[in-house]
Every structure is written in structure tokens, then in C-alpha cells.
Amino acid sequence: MEITFIPLDYDYFEHNGKNYIKIFGKTKDGKQVCIIDSIDIYFWAIPKKENDVKSIEKKLSKISVNSVKIIKTLIEDKKFLGEDVKAIKVYANAQSELSKIIEKLPKDIEIREHDINPVTRYILQKKINPLNWYKASGEILNESGEFSGIDKSFDVDYVIKAEKIWEDKLLNSKHIFAPKVIAFDIETDEFEIGKGEIIMVSLYGKDLKKVLTLKNVNAPNYVVKLKDERELLLEFAKIIKKENPDIITGYFSDGFDLPYIKSRAEKLKVKMPLGLDGGGVKLTGGNNPRAKVSGRVHIDLLKFIQTAYSQYLQSETLSLGDVANELLGEKKKEHEFKHSSKLSGDEWVKFFEYNLHDSYLTYELFLKAWPDMSEFTKITKEPLWNVTRDGMSSNVENYIIHNLYKYNEIIERKPTHDEISKRRSREKYEGAFVLEPKPKLYEDIVMFDFTSYWPSIIATFNLSKSTMLEKKEKNSLEIDIGKGKKAYFNKKKGFFPEILEEIIKLRKQYKEEYKKNPDNLLKARSNAFKLLANASYGYQGFFGARYYCPEASAAATSISRDYLKKVIKEAESSDFKVIYSDTDSIALELNGKTQKQTLEFLKKINDKLPGIMELELEDFYKRGIWVTTRKGEIGAKKKYALINEKGNLKIRGFETVRRDWCKLARELQNKVLEKILNEGNEKSALVYTKEVINKIKDRKVDKKSLIIKTQLKKSLSEYKAVTPHVTMARKMLKKGLPVHAGMLIQYFIAEGDKKSLTRERASFPEEEKKYDVDYYLSKQVLPAVENIFQVFGLDVNDIIEGTKQKTLF
DNA sequence: GCATGGTCCTTACC
DNA sequence: ACCGGTAAGGACCATGC
């Protein structure tokens, strides 16, 4: 039997003292397969003194714990952190009690790769990468009794014991895999996992629209009525089995929907055969649960959006509603939550629509994110289930791990518990350089920035754990890393900088390909490499990293400060006026120069830059404004607004872009900046500001624009300070409303005793109270525009007092 | 009684 | 806990005059 298939999910198992991987996948013609392949379990032992290799090898081969034994050893020439080593490859007959074997090993060796899980080991060993097409030949298990009848327990078209698996290069080059996906969403009366009944479940797929419910009301035909919760759960499992999707997806379904379903199923003693092995939901991870269903891939979209998308999103929160609104241009349905016992017939129907619409939005968002998930999976070569839950540090590390074979490198181990706590308490190293701007309205500006600045420095100067030297050597690079400390790096290229250089090159290549041929997949690929490059600098300073090297990070920032200052000096001596600079960017006033001359200057800089470092044109701007800080005369950093030649605004740092300011202040500030940048003076901005101030005084402002939204960043009990939003959260808790870390607390400031604290006047948006005119003028509107008008020598306090109803002040 | 500075906190920039 | 440091700015509170 020979088939063509694509691996979606992997699992490890032991049978009769041997090790296997089962791969669940799809064939080219849409059949579901499980392929069983053998795998070697091994780790590396590196003797601390090289001449001991032979005798150590002998000692190792005799070790065993219960039925787990060392079955084979080999001595090989390897590299470890760039150094040549003679290492012993130690094979064991099972993964299960490997840690007990490790404990018994002699102390004169270093153990590595014992912490590589069997699925990653398999992918490394056989190069059967997720979401790539392969051909497999082998024997179909047809109730053969082999593997204790494993084929009978799997709900797939074929179970194949692989003899050979090889890549289908032709198919990989042209065929794009489109998975069958079902999105789902549950509704309950209680938020606590498993506390109340599941009152409805919606499912949405390409040809699927269903809401399962217990309520017997006259409802649209996509609603299926079940007699009790038990039947509802069984029906859910039945539909999943019948539809047989490759992927099931939800929004926050790791933390809510699947744990809830699992908990209710256990309570009702219902078997939920959701997986291809007939099993239910498996939860791992304790406080931060991750839900797995065997054979299918369960994806919690929220997790992936958090790591891969959030930095590009403008949304105030990452809720399904906000994200769908931004990425799809579609809103959630309006719905007021009530206890199910209090719902009327019509309200039930609305609730069904709402529930189905959430699944629909999740489904559409999934399709939007699929190119990114798929590319990240192919690039980092870890299973889709893991990749959609991994943070950027894991993505960087996985990319490195799956590329180390090119360097014959043994993989470094993860840090121990003690090492992690030591690393976490390390002192900060000095970061980027930020130039203090002179507050002013500027004309004719150019903005340059370095492409992938820190990664390009790490690659160019070879900064990494394996290239760092203990002391100065002939030809080594010496970098001052602050606090009187110096770090030395080898000139001979190490694997980390080399891999990083490749990431940057691939990013550039795919970006150019995308420009020529704009397609979603190329965009996703280019973006994945960009994110990997950007995260690689932080990775070396991250306490959990296998290739932790804060000295390399500190050296990178040190070099970045030097080169930025060099460019600033060059610009000054070429008669540009330097306005501002932050980390990797520099803003210059053209000072009478033409754009052509400016680009010539850029070229001159680039000709002198070493390695792969590159300065590029960000844009030319007609005008730009920099302001002072609230206190004092100094120019504020990380706060400016620009307008380019097409009239597009670029606003950074101002309250306009901060969600913890009320809409009124944000919109006013935005308008003021827009008017000033467009017109080149403050006149009409001033008129507009006066109008808004009068509107506030006349109490004509809609309360919606006065609401302040602040996120509860941790659980309520952890707060030392009693801020307005903490006070509001406490009130919510008292009312019995759900309060949890991560939620946005909304409130407005109502009128009250003038001497009272702000938090005492904080009120819920629905409270029928008058807003505090004084507060909104002096704490929201004034601070939002004060520094802008100050650039023109105006004092906004005078403006406030100059408008009507002077009695207030 | 009130200015001042420090701490805590959130959110931004890159 | 799950990539880094730099920075602005509000609310509150202890401190000192």
C-alpha cells in the first residue's frame, strides 16, 4: 500500500518495549490515516574529560531502572556550543522512565537532549515535518491484532505500519492544504468551569450551521432541541464524528469551552468520543490549561492571535468582538446576558443567533489566520497544536533546534529551576538610546530606520552564547556592556548568528516575492520570519532560553547605541537638523536639502555600514510636532505626530493612542494634531478646542465619550495600590459580577465632594450621575492639549478660563 | 494645610 | 513564566515644612 498524506498531529507510544510515533493525517484524496512509524529514543552524554569516553561508555551500558534499559551506545564526533566533542549517543528502550535513568548516571558527564520530547525527536530524526506532503508505503493493519489491535480503536480510514516515508516534493511545491474546520462555542449560566449547565452549543463549518439546545421554543431550523444536557453533549460528539473535521477551533476554548465540556461530561458520566481514538478532551497545564483531542487538532484562536497578531492590532482588547471587528469588519451581535430561566421565547431565539454568530466569527477569523498558523508550523517544524500555543521564545528556539543538524550540534538543555530563578533576578542591562527632542513644529522631515536592527547587529558581530569568550583572545571582539564589564566574542561565525542571518535574508526574500506577487501565503511567510528575527534578540536575554546569553543582548544594545549616534553625527555634519531618534530610527529636518540629496546621504551611510546592517528610508513628511513632557521644559520622548506628503498621519505615544484615556480627550487631541499638521498653525485647532471645552461645561457631552477603560493586569488580591479601577473591580466583585485578571474595567468620574479622591467619585457607566466637569477639564482635556498649544506659546489654562461659565473657576 | 517626591500602575515606543 | 529595555504620566500616600 502506498499513500500520499500530510501530517496534522503526532503522538508517542510504547509497545512491547519498543518506541513508536503515530501520525494522524489526511491523504491527498481526503481520507483520514494513521501512520505508525518507529522511533529511537536517545540522549547524549558528553564526558567532562575527553579521555574518559571509552570507560564511561562501558559504565553507561549497564544502567537500567525497572524495565527501562540502556540498549545501545555509540561514540560520535559532535559539536557542542561550537566546540568539538567526543560524545556518547545513549539509546534507551523507552521514554517513560528516562528521568530515573538520568539520575543514576555518573557525575563526570554532561547530559543533553534528554529533554527533547519524543514527537520533536521523531521530527528531527526522520524529517517528517508537519503540514508537508509525504508518500508512505507499508502494510495496512486490518484487524491484524498487531499493536494489540490499535487499528480497531482508531476511527480512521486506514492504519498503516510504515516501511518507508519520503517527501512528495512536487506536491509540496504546488498543492496548498485546506483543512476541514469546525468552529464551536458554548453558552452557560455560570462562568466557573463546570458549575452550571451548558445551555447551548453552536457549531459552524463550510456546510454546517447548528445550535444545540435544551430549550423547547419555536426556533429557526438550524436549532436542534435535545431532551437534556447529557443528550446535548452526546449530540455534539456525534456531529463532530459525522462531520469529521481536521481542526476544531474556539475562542478562549483552552480556558473555557473545552474544560467546561470535559467537566460536565465527567459529572454526567457521559463518554465524549471527540478524538479519532474515541477519547474525550485531555487537559494539561494546570492554571493555564491547554486542551487536546487526539487525532484532530484543537486550536484556541485567542492564543495564536496573542502571540502572532496582537502587536499589529489596534483593538482595545483581544476579545472576539474587537478582533473580528478589526480583521473582518464584522461585529458581534448585541446581546444582554440574563439567566436562562428568565429568558422569554423571543430572547431565546436572539440568544441562538448570538451563539451561532460567535462560531461564525471564530470560523472566519480562523480562515484569516490559517496562512500564518500554517507558515509558522512549516517554518518551526513543530506540530500545529503546539505552534498555535507557543510564545515567540519557543518559536525562536524551535527554529534553532530544527536547524542545528546542519552544524552537527548537540542541543543545549533547558535551564533548571534554580537557574531560572537566578536568571530572573539578574540586573537589567542598558537598552536602547533615545534622543531628547526639542519641542517644536518642524517642516520637511525625513525618517530613516535600520532594518531588523538588533538581529542584524547580532548576526554581523557574532553575538551569542556559543561565540562568547571567557577572556580576551587574539582577534576577539571586545564590547563594553556597562557597569565596568566587558564581553568578548569570537570572530569565527557561530550557529546562532548564522541562523539569524538566514532568517533575515529569508524575510527579505519573501518580502520582495510578496511585493511582486501579493498572496496571503507569501505575506504570512515573510511576516513569520520578521517576527522570528525580532524576537531573537529578546530570546537571548530571556530566562527560559536554552541559548540564554544576556551579555550578547547587552553587547547588541551597546553596539546599537554607538551606530545610532554615529549616524546622528554624520547627519549633523552633512548639515541636516537632527530632530529625534529612538532605538533604530532617526528623524531629520531636511534643512533646505532636496529628497535626492537626502537619499544620497542615505546611500553614503549604507556604504560604510558593516555586515548586513542597513539603514532604510521610512518616509518623507511634510510636518511633524514634538512636545514637552507634562512637567518641565524638556522634550518628551516617544511622543510625536507626523503628516506625510499624501496627508496620512502617524501619531505615536500621544494620549490619542492610549486606551486608558477617555474618548473625548483622545478625539479632541487627534483633531488638534490633525488641524495643526495640515494647516501649519494652531488657529483652527484653538477654535475647535474652545468648542469642546464649552460643550463640557454645558454638560452636553455624551457619557459614552467620558468612559475610562483600564485593564486589571493581575488578580484583585495582588494589588498594593488602591487605584480607581481597582476600586471599581472591588465593587463589581461585591455585586457578584465576574472579575478576573485581564479584563477591562470601565468607569467615569462623577460629581462629588471636591476634596474626595478620584476613586471615590469613580462610577459605573450605567449609574445615573452627573459627570464631574472639573475633572474632565483639568485631568483629561487640559493634559491632552496643553503641551501641544505650548509649542505655540499658548497657555490652555487661559483658554479654559476664557470660555463661558467663568464662575466654575 | 499643602507642595513634593516616591511608589505603584498602565500603556505606550521600538 | 513563556522575547528585551526605555519612557510618559496618573493616582495615591508618606513626608516635611
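Order of the sequence lines sets the chain letters (A, B, ...), proteins ahead of strands, with each chain counted from 1.
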So what does [X] touch, heavy atoms closer than 4.0 Å: a base, only the sugar-phosphate, or nothing?
X	answer
K428(A)	base
G431(A)	sugar-phosphate
Y775(A)	sugar-phosphate
F433(A)	nothing
S553(A)	nothing
K714(A)	sugar-phosphate
K631(A)	nothing
V722(A)	sugar-phosphate
Y548(A)	nothing
P550(A)	nothing
A535(A)	base
G544(A)	nothing
R426(A)	sugar-phosphate
F654(A)	nothing

Could you state the atom-to-atom distance from [atom1] of [X] to [atom2] of [N] in whole Å?
X	N	atom1	atom2	answer
Y539(A)	dG4(C)	OH	P	12 Å
K755(A)	dC12(C)	NZ	P	17 Å
R658(A)	dG9(C)	CZ	P	9 Å
Y547(A)	dC3(C)	OH	C1'	17 Å
R652(A)	dT6(C)	CZ	C1'	16 Å
L532(A)	dG4(C)	CG	P	16 Å
K414(A)	dA1(C)	NZ	C1'	13 Å
F304(A)	dC2(C)	CZ	C1'	16 Å

Side-chain N or O of R290(A) closer than 4.0 Å to phosphate OP1/OP2 of dC2(C): no
If you measure only the distance, is there a donor-acceptor pair under 3.5 Å linking the side chains of [X] and [Y]?
X	Y	result
N395(A)	T380(A)	no
Y621(A)	E618(A)	yes
R730(A)	H725(A)	no

Of all the choices, [options], which nucleotide is nearest to the side chain of [X] once you look at every atom?
X	options	answer
E430(A)	dC12(C), dT6(C), dA1(C)	dT6(C)
K637(A)	dG9(C), dA8(C), dC12(C)	dA8(C)
W454(A)	dA11(C), dT6(C), dG4(C)	dG4(C)
K639(A)	dG10(C), dC12(C), dA8(C)	dA8(C)
N787(A)	dG4(C), dA11(C), dG9(C)	dG9(C)

Heavy-atom side-chain contact between C549(A) and M468(A) under 4.5 Å: yes
Mutual orientation of the aromatic rings belonging to Y539(A) and F496(A) [parallel < 30°, tilted 30-60°, perpendicular > 60°]: parallel
Plane angle bin for W626(A) and Y580(A) - parallel if under 30°, tilted between 30 and 60°, otherwise perpendicular: tilted
Separation between the P atoms of dC3(C) and dC9(B), rounded to whole Å: 22 Å
Residues forming a ring pair (Phe, Tyr, Trp, His ring centres under 6.0 Å) with Y563(A), sequence neighbours excluded: none
Under the ring pair (Phe, Tyr, Trp, His ring centres under 6.0 Å) test, residues paired with F543(A) that sit two or more places apart: none
Note: R659(A)-E316(A) ion pair, threshold 4.0 Å (strictly below): no
Outermost DNA chain B nucleotides near chain A [under 4.0 Å, heavy atoms]: dC8(B) to dC14(B)
